[in-house]
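Take a look at the structure set out below.
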Amino acid sequence: MNESTVKTLKRAQLGERVTVLKVAGEGPLRQRILDMGLTKGAEVVINKVAPLGDPIEVTVRGYELSLRKREAACIIVQ
């Protein structure tokens, strides 16, 4: 997959509602993301973005969550 054709949570805009398609990567980072509820089919809303773009605050499964850019880049959305 080419990064320019794949939409990740990192590239989602403020206020946008997206659906998780896949969590890329492996190991502890991937498992941590899955444990936070960012699994396939979960709806995510982008609530806030820090001035320099890191971290971002999202709502997923009824709670608010802050993610770093490198974490958000692993989450493929539509």
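All heavy atoms count here, side chains included; hydrogens, waters and symmetry mates do not. These numbers come from a predicted model, not from an experiment.
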Residues which pass side-chain hydrogen bond (donor to acceptor under 3.5 Å, both in side chains) with Thr59, listed by chain and number, not counting sequence neighbours: Asn47
Which donor-acceptor pairs under 3.5 Å do the side chains of residues 65-78 make with protein atoms, sequence neighbours left out?
| from | atom 1 | to | atom 2 | distance (Å) |
| --- | --- | --- | --- | --- |
| Glu71 | OE1 | Arg68 | N | 2.8 |
| Glu71 | OE2 | Arg32 | NH1 | 2.3 |

Return a table of donor-acceptor pairs under 3.5 angstrom between the side chains of residues 33-44 and protein atoms on other chains or two or more places apart.
| from | atom 1 | to | atom 2 | distance (Å) |
| --- | --- | --- | --- | --- |
| Asp35 | OD1 | Gln31 | NE2 | 2.8 |
| Thr39 | OG1 | Arg61 | NH2 | 2.5 |
| Glu43 | OE1 | Arg17 | NH1 | 3.2 |

Arg11 with Glu16: basic N within carboxylate O range, under 4.0 Å: no
Minimum heavy-atom distance between Val45 and Gly15, given as atom pair plus value: CG1-O, 4.5 Å
Heavy-atom check, side chain of Leu9 versus side chain of Ile56, under 4.5 Å: yes
Pairing residues for Glu57 by the salt bridge (Lys or Arg N to Asp or Glu O under 4.0 Å) criterion, not counting sequence neighbours: none
